[in-house]
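Down below is the structure, laid out as structure tokens.
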Amino acid sequence: MNRIVVIQPNSFPDMSLRRKILLVVLGLALGAVVTGGVAGLTLWYVRVGAAPFLAEAPQLDALLYRGLWLVGAVTGALALGATLAGRWLLVSFRQSLQVLQDAVKQVRTGRLDAQVSVNPDDELRRLAQALNRMTTTLSQQTVSRSYLQAVLDSMAELLFVVDADGRVRRANAAAAQALGRSASALRGTALGDHFDADPLASSGEGTVECTLTPTDGPERPVLVSRSALERADATQGTLVCVAQDISERKAAEEKLRRSLEEKEVLLREIHHRVKNNLQVISSLLNAQARDVESPTVEDRFTETQDRIRSMASIHEQLYQTDDLSRIEFDAYLEGLLDDLFRSHRTAHIGRTLEADAQPLSVDQAIPAGLIVNELVTNALEHAFPEGRSGTVAVTFHADEGTARLTVADDGRGADGLGGNGSLGLRLVRGLTRQLRGTFSTDLDDRVAVTIAFPTNPSS
């Protein structure tokens, strides 16, 4: 909707001094020209009309002639004065306009806080006041170019504005200092020339890790993030690249990696020494068992050696594997069964092993291995008396966070388990509680003991 501006008829009291002077001078000049013109024409007609009479009166003719010159001189002087006054007013207006032009130029160069002194007698005071209000609003709501540049230069990260051709259009002070060149010298250079690999080589946005290669100075690893410049006047394909120095982080990662390697070596050595110590204990038990005459006591020594051997096998596997916190339980079971069948010399007894490739933590592998050792040893010693043939089957399955370990045999039946007060059975029940599992038996067609326990008890 258009606004209707009403001009008040009595606006003369608000006229400035220059306008008053202009009106007065123009009024005087107009009056003088009109009066002088009328007077001059009157005198000229009188002189022309009375020429026959004036020939006899030369004094009167001279008087009329001087009157004409006087009127012309006065009229010319007044016209000249009006011209000078008009020129003065024109120069004065130009000076006021020049002040406004200078203020506008300052705003264009980023000086949004530029102000113009307002003269109450100036015709352009309203325009000056409007310009001051505009610059005040801009300074409060708009960030100046110098302020923005100061913000960019205060960044610790390296900032590059890159065009679609990969050329640097702008760089902040941190980038100039890191590359040992001025920001103006960096302008127009290819961004890839300042890194070991061009950060713009990979398509799309995101972060790229590369090495900054200044002309003079050490190289340093940086993490370069790229994002498109979204702006109305931005050229299509313009990117903003920010490079963050990650030298300290890389040094910390390297220090941590070396510390972990040292700890892994130390932990491997601990497992190796534990395994050696367990083998020493087993050897001592074997030496003592030779001096024992009672077969029953000798069997107890052998059972203890088997238990120690099962634990030593765990530490041996940990020493050889890359993961020092978990055991590949299927491979462990295969080695454990080899040792048990070899030590009991049971060529007439067969075996089967069916195990999932489910790793277990050390805290679970040791008690689970001891359970298998007790149940398999019990089956080898009691399920097949007097050379009776048969099979011992070991299965290990894990799904949905639960593992099931079963040791079964087709021997003589439940009597092979021994009494509830036997040491082996007490160990199995105690180790099951340690695994936070359950213990169950199946005595229908065969003797089968199943241990179910969670593979991740902490959850």
Side-chain angles (χ1 to χ4, degrees), residues 155-160 172 174-180 191-227 239-279 311-335 356-369 398 401 403 454-459:
M155 292 176 54
E157 293 79 7
L158 284 62
L159 182 138
F160 302 91
N172 65 348
Q177 182 179 2
L179 293 174
L191 182 66
D193 294 342
H194 308 300
F195 299 89
D196 63 336
D198 190 357
L200 306 180
S202 58
S203 60
E205 301 179 2
T207 58
V208 178
E209 184 175 336
C210 49
T211 303
L212 188 70
T213 56
T215 305
D216 297 326
E219 298 181 351
R220 64 184 72 178
V222 292
L223 192 65
V224 182
S225 61
R226 304 160 300 166
S227 59
L239 294 176
V240 177
C241 300
V242 179
Q244 182 182 7
D245 189 352
I246 56 174
S247 301
E248 294 184 358
R249 192 182 79 180
K250 282 290 186 180
E253 290 178 355
E254 180 64 19
K255 183 178 180 181
L256 180 61
R257 185 187 63 82
R258 292 179 179 177
S259 177
L260 289 175
E261 288 181 352
E262 293 175 358
K263 287 180 172 57
E264 286 182 359
V265 171
L266 179 61
L267 190 56
R268 289 179 192 277
E269 182 63 23
I270 290 175
H271 285 301
H272 185 60
R273 295 197 178 194
V274 169
K275 186 264 299 183
N276 290 341
N277 291 335
L278 290 175
Q279 287 183 342
M311 291 187 291
S313 178
I314 292 285
H315 292 282
E316 176 66 17
Q317 187 172 350
L318 284 173
Y319 173 71
Q320 296 176 353
T321 188
D322 294 332
D323 190 353
L324 297 175
S325 61
R326 304 181 71 81
I327 293 293
E328 297 297 333
F329 198 62
D330 54 339
Y332 167 73
L333 287 178
E334 185 174 358
D356 294 341
Q358 170 67 37
L360 294 179
S361 64
V362 178
D363 294 338
Q364 291 181 317
I366 290 178
T455 55
N456 189 11
S458 61
S459 61

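Every heavy atom of this structure was used, including side-chain atoms; hydrogens, water molecules and symmetry mates were not.
Between Cys210 and Asp196 the shortest heavy-atom distance is CB-OD1, 3.4 Å. In this structure, Tyr332 and Ala365 approach most closely via the heavy-atom pair CE2-O, 4.5 Å. When all heavy atoms of Ala243 and Val222 are compared, the pair lying nearest together is CB-CB, 4.3 Å. Counting all heavy atoms, side chain and backbone alike, Phe160 lies closest to Ala175 at CZ-CB, 3.6 Å. The two residues Pro214 and Pro218 make their nearest non-hydrogen contact at CG-O, 3.5 Å. Here the shortest heavy-atom pairing between Thr213 and Phe195 reads OG1-N, 3.5 Å.
Of the residues Gln244, Arg249, Lys250, the one that meets the side-chain contact (heavy atoms from CB on, under 4.5 Å) test with Pro221 is Lys250.
Residue-environment remark: CD (Glu248) stays at or below the threshold of 12 foreign heavy atoms within 6.0 Å. Heavy atoms of other residues, nucleotides or ligands lying less than 6.0 angstrom from CD of Glu253 number more than 12. Sparse packing is recorded around CD of Gln177, with 12 or fewer heavy atoms of other residues, nucleotides or ligands lying under 6.0 Å away. The number of heavy-atom neighbours closer than 6.0 Å to CZ of Arg258, taken from other residues, nucleotides and ligands shown, is 12 or below.
Residues Leu200 and Cys241 are in side-chain contact: their nearest non-hydrogen atoms beyond the backbone lie under 4.5 Å apart. Side-chain contact between Ile246 and Glu209 is present, with heavy atoms from C-beta onward closer than 4.5 Å. For the pair Leu158/Asp245, no side-chain contact is recorded, criterion being any heavy-atom separation below 4.5 Å from C-beta on. No side-chain heavy atom of Leu191 sits less than 4.5 Å from a side-chain heavy atom of Leu239.
From Thr211, atom OG1 reaches atom CZ of Arg220 across 11.5 Å, with rounding to the nearest 0.5 Å.
Under a 3.5 Å cut-off, the side chain of Gln364 and the backbone N or O of Arg326 do not form any donor-acceptor pair. Judged by distance alone, the side chain of Thr455 and the main-chain N or O of Gly401 form a donor-acceptor pair under 3.5 Å. Side chain of Asn172 to backbone of Glu157: a donor-acceptor contact under 3.5 angstrom is found.
Between the side chains of Ser361 and Asp363, no donor-acceptor pair of N or O atoms lies under 3.5 Å.
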